[in-house]
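For reference, the structure is listed below as structure tokens.
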Amino acid sequence: MAASSKPAGRAKPMAAASALPASFAKLGLHDPADLILHLPLRYEDETRLTTIAEALPGRAIQVQGVVTHCETQYKPRRALIARIRDDSGAELNLRFINFYGSQVKQFSEGNLIRALGEVRGGFFGLEMVHPRYRAVSPEVPLPNSLTPVYPTTAGVAQTLLRKHIGAALAQSDLTDTLPDSLRSRFDLPDFAGSVHTLHNPPPDIPSIQLEYRTHPAWRRIKFDELLAQQLSLRLARNARRAQNAPKLAEAVALVEQLQNALPFRLTAAQLRVWTEIRTDLAACHPMQRLLQGDVGSGKTVVAALAAAQAIGHGYQAVFMAPTEILAEQHYHKLRQWFAPLGIEVAWLAGSLSKKDKQAAAARLVSGEAQLAAGTHALFQEQVEFANLGLAIIDEQHRFGVAQRLALRQKGRQPHQLMMSATPIPRTLSMSYYADLDVSVIDELPPGRSPVVTKLLAESRREQVIELVRERCGAGEQVYWVCPLIEESEKLQLQTALDTHAVLATALPELNIGLVHGRMNGRDKAKVMADFKCGALHLLVATTVIEVGVDVPRASLMVIEHAERMGLAQLHQLRGRVGRGSTQSACILLYQQPLSETARARLKVIFENTDGFVIAREDLRLRGPGEFLGARQSGAPMLRFADIEADADILEQARVAAEWLLVHDRQAAQHHVSRWLGGRQDYIKT
Ligand code: ADP
Ligand code: MG
């Protein structure tokens, strides 16, 4: 690339605050405050010159010399070659394969050229290919700080970024948002100094500290970012507490009736979280509680008690799930529990006919149905309630923060109970989920025996089929999970059909069902019902059964191509067995060769059954962004801090946020608006 003729990166402040180039929007840069926090990826050192005589091949250096010769070559390829000589008397070729006519003029003999690039041994001696260069006059001084290289995108030149960022630094208010006492408590440098250092580091700064972002200036930036996140989540939580929600404080007969009708007694952990939820419901601001519990820990019944509490007060409750299979299963369970108590349960699913959908919606609008089950999407889009008091959201990790809010913004403020079997490691719950209250069921119902996990190479498939025959012969039921084929839904379907056909041939004595994502809701429900009642011995399934399906008699699960699946998914799948009293097993079939990460994942799932441990390992293997998934795109993502690696800074930021909200709210507000600008809307209620 041809260099600009202006001094690079040392832009003088512009006379007036001019509008940013439109192209900056692509980088999320809308105002000077964004520019201040657009920090370099790396740096180039233009602060010193190396003599050509000392140049070593393979090293990036800056040289300065007088043009002694310039020519356009045509062989072997068209190229512009300019030769320069410096005070050491040595010469260096600058080679350009792509060039403009105007460049030829810059290399007129006698011109002084400053060039930065990697030196290599060329055919005609040392050369630099496409160096960054400019023609200078001898008195142009070297810059006195490292040159920043910013994250950018096509069509936005570094020089343009440097110019505008330089201007923003010169003109913006960089007043510290942190009171001195807080800074000295956590030994943090000041904000203005930190951003100046990071945009224009002095040449003697330890380069390791820059590269690994451990320099105090970096620590300050990460601290600030985490603090902004902590503050905004806490402010959101406080704002929620200022809103009104139905006060569901009385003890209601319905709760007791439901509890008495259950065929089991609640575990101590279930009773404890139920008390926490009941306390929230009794307050007059909306509950936002996350109920965590490993697969099979019995979250559904706790949520049903909460629903009973709302219904007993004359309100409606809704039970939402991410998939229709799961929603339908909840519907049946809720009907089983609530119908005998005289409570009407409505069922709303995409697969219903228009007429049935309208009828169900009408029963909710009129208040005739007190309880509803269905998929999240449906309720969010079209359904009105007579008097909604509680929304229960199952498998919360499948929904993003933004969706969590969409429901809240529907006009009324029901209490919200979210449930997740994907345990959130502490660092994550301290950051992304800090606006939620969390209850944990840390105990499984009695009588469960842990699932035995086996890892088998694909070549032992025949043996596995024999095992299936044995188990089913003994009156048990088996899941066979088909491989996940992310690239192609069609291929995924074909694989499921093939697997079903192969197993049907190998096991002619068994009734074998098939369930996959392309089936309509009614057909899916029929197959699931047949499996549940025992009419099917073996269920071949794509990963649609991943979440929540509850068939206690199923005691064996075979997962094909387990190496393609994520840890959370494997854990969820495996949780489908081990729900009854028989010793259950999960066989993970894998195809060799295994990649290093696949091997690491399989090792984790083989060695662990505790969902929290698995989630922590998952976070370690994947990093938080991935862990949260694209669905969490509404979350205020962190750009600089890494919640695992910077866990110590996160802890400090948490303490600081609490302190600020009590002692200096104005500083807290100032800090949030510097860091989140307009984006804090995401986390306000
Ligand atoms: P999850 O937490 O994964 O959603 P479920 O709510 O589906 O788990 O419960 C799993 C199974 O355990 C269900 O069959 C449920 O009826 C049963 N169950 C729940 N609580 C208890 C309990 N205290 N004792 C025995 N079984 C229970
Ligand atoms: Mg569940």
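Below, each value reflects all heavy atoms present in this structure, side chains not excepted, and no hydrogens, waters or symmetry copies. All figures in this text were calculated on a predicted structure; none of them were measured in a lab. Read the numbers this way: they start at 1 and go in the same order the structure lists the ligands and their atoms.
- A donor-acceptor pair shorter than 3.5 Å cannot be found between the side chains of H571 and N608.
- Heavy-atom proximity to atom 25 (C) of ligand 1, evaluated over G575, G611, P445, is greatest for P445.
- Of the heavy atoms in T267, both backbone and side-chain atoms come closer than 4.0 Å to ligand 1.
- For R265, the CZ atom sits in a loose shell: 12 or fewer heavy atoms of surrounding residues, nucleotides or ligands are nearer than 6.0 Å.
- Of the N or O atoms in G296, one or more lie within a sub-3.5 Å distance of an N or O in ligand 1.
- Atom CZ of R335 is surrounded by 12 or fewer heavy atoms from other residues, nucleotides or ligands within 6.0 Å.
- In E466, the CD atom is crowded: over 12 heavy atoms of neighbouring residues, nucleotides or ligands sit closer than 6.0 Å.
- Contact atoms of ligand 1 toward L266: 23 (N) (distance under 4.0 Å to a heavy atom of the residue).
- In this structure, G293 has no heavy atom closer than 4.0 Å to ligand 1.
- Counting the atoms of ligand 1 from 1 in the order shown, those under 4.0 Å from a heavy atom of T300 are 4 (O), 5 (P), 6 (O), 7 (O).
- With atom 9 (O) of ligand 1 as the reference point, the heavy atom nearest to it among P552, G298, S420, P446 is part of G298.
- Heavy-atom separations between S297 and ligand 1 include at least one value shorter than 4.0 Å.
- Close approach of ligand 1 to K333 is summarised as follows: ligand atoms under 4.0 Å from at least one heavy atom of the residue are 13 (C), 14 (O), 16 (O).
- Here CG of D280 is found 8.5 Å from NE2 of H415. Values are rounded to the nearest 0.5 Å.
- Residue R265 has at least one heavy-atom neighbour below 4.0 Å for each of these atoms of ligand 1: 22 (C), 23 (N), 24 (N).
- When Q583, E476, Q477 are each tested for a side chain to side chain donor-acceptor pair (under 3.5 Å) with S555, only one passes: E476.
- Salt-bridge check for R363 with E344: passed, with a basic side-chain N closer than 4.0 Å to an acidic carboxylate O.
- Heavy atoms of M419 come nearer than 4.0 angstrom to ligand 1 in no pair at all.
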**Report entry** Pair Y479-F531, ring-ring contact (aromatic ring centres under 6.0 Å, His included): steps then yes or no
**Finding:** CA-CA 10 Å; Y479 292 102; F531 189 57; 5.1 Å; yes

